[in-house]
*Asks:* 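Sharing a structure with you now.
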Protein chains: 2
Amino acid sequence: MFSKRQQQIIETAIKIIATNGIQNLTTKNLANEIGISEPALYRHFNNKLEILKAVIAYFKIKMQPASAKLNKSANSLNNIEKFMLEHLKIISQNPDFAKVIFSEANFQNEENLILKMNNMMNQSHKILETIVRSGQQKNEIRSDISSLSIIRMVIGAMRLLITQWSMSGKIFNLEIEGKQLCSDLRKIIVVN
Amino acid sequence: MFSKRQQQIIETAIKIIATNGIQNLTTKNLANEIGISEPALYRHFNNKLEILKAVIAYFKIKMQPASAKLNKSANSLNNIEKFMLEHLKIISQNPDFAKVIFSEANFQNEENLILKMNNMMNQSHKILETIVRSGQQKNEIRSDISSLSIIRMVIGAMRLLITQWSMSGKIFNLEIEGKQLCSDLRKIIVVN
DNA sequence: ATTATCTTTGTTAGTGTTCACTAACTTGGT
DNA sequence: ACCAAGTTAGTGAACACTAACAAAGATAAT
């Protein structure tokens with residue numbers, strides 16, 4: 001899909017956005033950071049927008065394993081736990097992702113980028129929705145609260161946790177804190 | 001605090017950010033939208049950064065009433081509900097806020113702006129923390145889950161709801177959907 | 001094995017456009 | 001007469017991107 005050089009450009013772009021903000025992602029900074037000239041970038045991407053699109057596609061590829069590991073037949077509470085922890089693990093291993101991934105607003109000016117970003121997010125939501133719904137049917141998850149609310153709590157809390165981790169300068173262990181959040185979420189949605 | 005003209009500049013800046021993204025907040029667009037010349041802006045703010053600082057200060061002023069209405073002696077669950085609904089009400093009445101308020105990443109390049117934005121957010125968190133802690137002490141809120149997790153669920157779910165509302169083009173009623181989320185949150189944290 | 005050709009990937013130097021901001025002047029109210 | 005708040009015209013710097021050329025490696029003909 002992406003050549004070695006393209007991957008290097010994408011990863012460097014992510015690094016720049018994460019450390020200095022998207023305003024500092026200029027062709028000049030990007031080329032300097034890699035150690036090539038500006039026009040060399042255009043041998044690998046048609047324009048800057050294509051680079052941003054590639055960044056989003058790159059996220060998608062990297063995040064896919066988090067959902068792939070789910071086993072639909074397993075206990076739904078365990079699946080939610082796995083869903084959360086796998087996501088947190090990937091973010092934890094790719095710290096630069098955190099700052100970029102929740103800054104949808106940064107891509108606001110380009111219709112296509114918003115759509116791509118939203119699609120990526122919605123994909124995760126839909127997977128979680130399937131788990132929650134089946135959990136409620138199997139009477140593993142309480143049904144006196146709407147599945148939509150549960151999804152909003154799970155994803156909302158998870159995203160906030162990641163944001164807090166990123167904003168704090170990663171002073172706490174994301175996966176450990178995630179496990180605490182996970183077990184608390186489990187307690188409140190489980191059927192007694 | 002802010003003169004009439006300054007307020008107009010701030011509100012127009014928010015409008016531009018909300019509709020076209022922060023990349024389109026240029027002195028030219030801002031001046032054109034107001035109907036004055038670019039240099040006229042500089043009669044009211046020293047530079048563009050001061051305008052962005054004013055935008056954040058403006059949010060702070062507008063959001064304050066949401067916390068001011070809380071009654072510390074009241075039932076903590078009612079207080080949480082009021083906390084959420086008052087916030088949603090203000091966002092609902094100022095739809096442009098939504099797109100700007102959660103785009104902290106946009107201000108990433110300016111140290112001071114991040115700090116100001118974070119302070120604003122943390123203020124809300126601390127107020128909610130006080131409510132939750134006292135609710136657990138009064139045995140109105142269950143204590144087998146950490147207050148931190150509860151705060152993350154409440155604020156996380158609320159922020160996600162606002163994001164979804166904003167991203168969807170406001171196709172649903174934020175306050176009605178908020179009430180549903182609120183009552184579900186209440187059910188799961190209440191002591192039975 | 002050597003030479004010729006093509007393709008890929010890089011370079012230097014420069015384009016027009018847009019940016020935030022300024023100098024200097026004007027107008028209108030007190 | 002003064003001062004706040006506007007104007008026109010223009011600044012240098014930074015932006016994404018391009019034209020033209022150079023080097024190096026792979027392929028293929030001699």
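Computed from a predicted structure; not experimentally measured. Every chain is numbered from 1 and lettered A, B, ... according to where its sequence line falls, protein lines coming before strand lines. What's counted below: heavy atoms across the whole structure, side chains too, no hydrogens, waters or symmetry copies.
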*Asks:* Indicate yes or no: at least one non-hydrogen side-chain atom of B:Phe59 is less than 4.5 angstrom from one of B:Met120.
*Replies:*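 Yes, side chains in contact.
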
*Asks:* Taking atom C1' of D:dC15 as reference, at what distance in whole Å does atom CG of A:Asn24 sit?
*Replies:*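 Rounded to the whole Å, the gap is 13 Å.
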
*Asks:* Roughly, in whole Å, what's the span from CD in B:Glu38 to C1' in C:dT18?
*Replies:*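 About 10 Å, once rounded to whole Å.
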
*Asks:* When you measure from the side-chain N and O atoms of A:Thr27 to the phosphate of D:dA16, is any distance below 4.0 Å, counting only OP1 and OP2?
*Replies:*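 Yes.
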
*Asks:* Going by the angle between their ring planes, with limits at 30° and 60°, are A:Phe2 and A:Phe45 parallel, tilted or perpendicular?
*Replies:*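 Aromatic pair A:Phe2/A:Phe45 classed tilted.
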
*Asks:* Return the value, rounded to whole Å, for the distance between atom CD1 of B:Ile9 and atom P of D:dA5.
*Replies:*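 Interatomic distance, CD1 of B:Ile9 to P of D:dA5: 11 Å.
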
*Asks:* Rounded off to whole Å, could you give me the CG-to-C1' distance for the A:Leu52 and D:dA16 pair?
*Replies:*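 Answer to the nearest Å: 12 Å.
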
*Asks:* When you measure from the side chain of A:Ile36, which nucleotide among D:dA16, C:dT11, C:dA20 comes out closest?
*Replies:*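 In terms of side-chain proximity for A:Ile36, the closest of D:dA16, C:dT11, C:dA20 is C:dT11.
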
*Asks:* Within this structure, what is the CD-to-C1' distance between B:Gln23 and D:dA14, rounded to whole angstrom?
*Replies:*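 It is 16 Å, rounded to the nearest whole Å.
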
*Asks:* Using a distance-only test with no angle check, is there a side-chain donor-acceptor pair under 3.5 angstrom linking B:Glu140 and B:Ser76?
*Replies:*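 The answer is yes; a qualifying pair exists.
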
*Asks:* Find the distance B:Leu30:CG to D:dG6:P and express it as a whole number of Å.
*Replies:*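 So the CG-P distance, B:Leu30 to D:dG6, works out to 13 Å.
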
*Asks:* Can you tell me how far P of D:dA24 sits from CZ of A:Arg43, to the nearest Å?
*Replies:*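 Rounded to the whole Å, the gap is 16 Å.
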
*Asks:* Closest to the B:Tyr42 side chain: D:dG6, C:dA20, D:dA19?
*Replies:*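 So the side chain of B:Tyr42 is nearest to C:dA20.
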
*Asks:* With the side chain of B:Pro39 defined as its heavy atoms from C-beta on, choose the nearest nucleotide among D:dA16, C:dA23, C:dA20.
*Replies:*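 So the nucleotide nearest the side chain must be C:dA23.
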
*Asks:* Report which part of the nucleic acid A:Leu25 touches: base, sugar-phosphate, or nothing (heavy-atom distance under 4.0 Å, all strands).
*Replies:*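 The residue A:Leu25 makes sugar-phosphate contact but no base contact.
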
*Asks:* So, OP1 or OP2 of D:dA4: does either fall under 4.0 Å of a side-chain N or O from B:His44?
*Replies:*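 Looking at the OP1 and OP2 atoms of D:dA4, neither is under 4.0 Å from any side-chain N or O of B:His44.
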
*Asks:* So, is A:Arg5 near the phosphate of C:dT8, with a side-chain N or O under 4.0 Å from OP1 or OP2?
*Replies:*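 No, A:Arg5 has no side-chain N/O under 4.0 Å of OP1/OP2 on C:dT8.
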
*Asks:* Determine whether A:Gln164 and A:Met167 make a side-chain contact, defined as any pair of heavy atoms from C-beta on separated by less than 4.5 Å.
*Replies:*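 When only atoms from C-beta onward are counted, A:Met167 and A:Gln164 do not touch, as no gap falls below 4.5 Å.
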
*Asks:* Atom CG of B:Leu41 to atom C1' of D:dA5: distance rounded to whole Å?
*Replies:*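 Nearest whole value for this atom pair: 12 Å.
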
*Asks:* Using a heavy-atom cut-off of 4.0 Å across all strands, would you classify B:Ser37 as base, sugar-phosphate, or nothing?
*Replies:*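 Contact class for B:Ser37: base.
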
*Asks:* Toward the 5' end of DNA chain D, which comes first, A:Thr26 or B:Gly35, by nearest nucleotide?
*Replies:*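 In this pair, the answer is B:Gly35.
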
*Asks:* Under a 3.5 Å cutoff, is there a donor and acceptor pairing between the side chains of A:Arg133 and A:Gln136?
*Replies:*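 Side chains of A:Arg133 and A:Gln136: no pair found under 3.5 Å.
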
